[in-house]
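Some notes on the structure that comes next.
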Amino acid sequence: MPELPEVESVRRQLAPHVRGRTVVAVARDPYPARRLGDVERAVGGTVTDVARRGKFLLLPLAGTAPAHPSELVLHLGMSGILRVLDGDDPAGRVGGGGHVRVRLTLDDGRVLVLRDARRFGRVTVVDPGDHGAASPALAALGPEPLGPAFTVDHLARGLARSSAPVKARLLDQRLVAGVGNIYADESLWRAGIHPDARRVGRVRAARLHTAVRDVLAAAVEREGTTFRDYQLVNGQSGRYLTELDAYGRGGLPCRRCDGPLRTTTVAQRGTTFCPRCQRR
DNA sequence: CCGGGCCCCTGGATGC
DNA sequence: TGCATCCAGGGGCCCG
């Protein structure tokens with residue numbers, strides 16, 4: 001389940017493989033059209049950067065036909081994996097057993113492939129910066145949680161403006177970009193806030209702000225959490241799994257108070273929290 | 001504009 | 001053992 005730390009780790013590994021490379025061919029499998037846009041437009045484009053906003057990867061392309069730049073926008077969904085393989089590697093074949101949905105052949109003979117068993121990923125190519133055409137969610141994204149625009153003030157005001165459960169607010173990409181189910185549970189556990197809390201004042205907002213940043217930064221350092229499908233570009237797993245305090249630990253003892261963690265549903269998502277030390 | 005609810009998609013786990 | 005059912009999840013979309 002790629003969230004900010006996973007996508008950022010993929011970005012860092014991917015960049016040296018593709019920056020400066022030109023896309024010479026594109027192949028795709030019959031993917032649901034609404035999840036796969038005009039990827040053929042990438043042909044002829046040279047990757048000038050590998051950037052990230054929230055859970056989206058952004059690859060600006062110079063020189064795509066007809067002689068103007070464009071931007072490849074990619075979301076890994078829940079099971080998307082990017083690999084850079086040798087051109088003759090059978091694992092990179094579209095329509096083979098590896099769930100390869102999109103294959104970009106690069107000018108060094110290697111191929112960038114998107115594998116996506118559950119088909120929740122999306123890829124398209126749009127005019128540079130025309131993010132709304134790629135995804136309304138991308139265009140409406142809130143600040144990067146590890147950047148300067150994500151302040152205590154921003155979070156506190158955003159939480160005060162709504163009576164939705166605080167976990168639903170953290171998952172809302174318009175308030176803050178890149179937090180998904182795992183790191184929402186982790187941040188709330190660390191801040192001692194009940195996921196269904198609907199009134200989070202300034203003091204608790206400040207605690208949550210610190211928790212979100214600390215959790216995400218620590219997860220980036222460990223290259224993300226591999227729970228099921230997530231892999232890095234080199235095929236390795238993220239190493240944050242053993243650091244998780246809440247997610248996936250329902251019924252196990254809380255690492256802070258030793259009471260059993262409880263699992264419920266908040267905002268249509270599986271939610272694990274400590275009923276003793278996370279307060280409404 | 002906002003929030004709630006449902007849908008997409010399929011491998012793996014669980015249940016009978 | 002084999003089949004059916006359920007569950008996971010982010011974003012799109014519809015509705016009130």
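Lettering follows sequence order; numbering is per chain, from 1.
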key: Phosphate OP1/OP2 of C:dG10 contacted by A:Arg269 side-chain N/O (<4.0 Å)   = yes

query = Given C:dG9, is OP1 or OP2 found less than 4.0 Å from the side-chain N or O atoms of A:Tyr183?
reply =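 So the side chain of A:Tyr183 is outside the cut-off, no N or O lying under 4.0 Å from OP1 or OP2 of C:dG9.
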
task = Please say which of A:Arg21, A:Arg19, A:Arg11 ends up in a salt bridge (Lys or Arg N to Asp or Glu O under 4.0 Å) with A:Asp49.
result =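 Going through A:Arg21, A:Arg19, A:Arg11 one by one, the salt bridge (Lys or Arg N to Asp or Glu O under 4.0 Å) with A:Asp49 is satisfied by A:Arg19 alone.
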
[X] has a side chain; which of [options] sits nearest to it?
X	options	value
A:Pro136	B:dG3, C:dG12, C:dA8	C:dG12
A:Asp172	B:dG3, B:dT10, B:dG4	B:dG3
A:His75	C:dG11, B:dG3, C:dG9	C:dG11

task = Please answer whether the main-chain N or O of A:Arg118 pairs with a side-chain N or O of A:Ser79 as donor and acceptor at a distance below 3.5 Å.
result = yes

Heavy atoms only, 4.0 Å cut-off, all strands: where does [X] land among base, sugar-phosphate and nothing?
X	value
A:Ser135	sugar-phosphate
A:Ser79	nothing
A:Tyr230	nothing
A:Gly77	nothing

task = Whole angstrom is fine here: how far is it from CZ in A:Arg35 over to P in B:dC9?
result = 6 Å

inquiry  = On DNA chain C, does the nearest nucleotide to A:Leu138 precede the nearest nucleotide to A:Tyr247 from the 5' side, or the other way round? Give the residue.
reply    =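 That would be A:Tyr247.
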
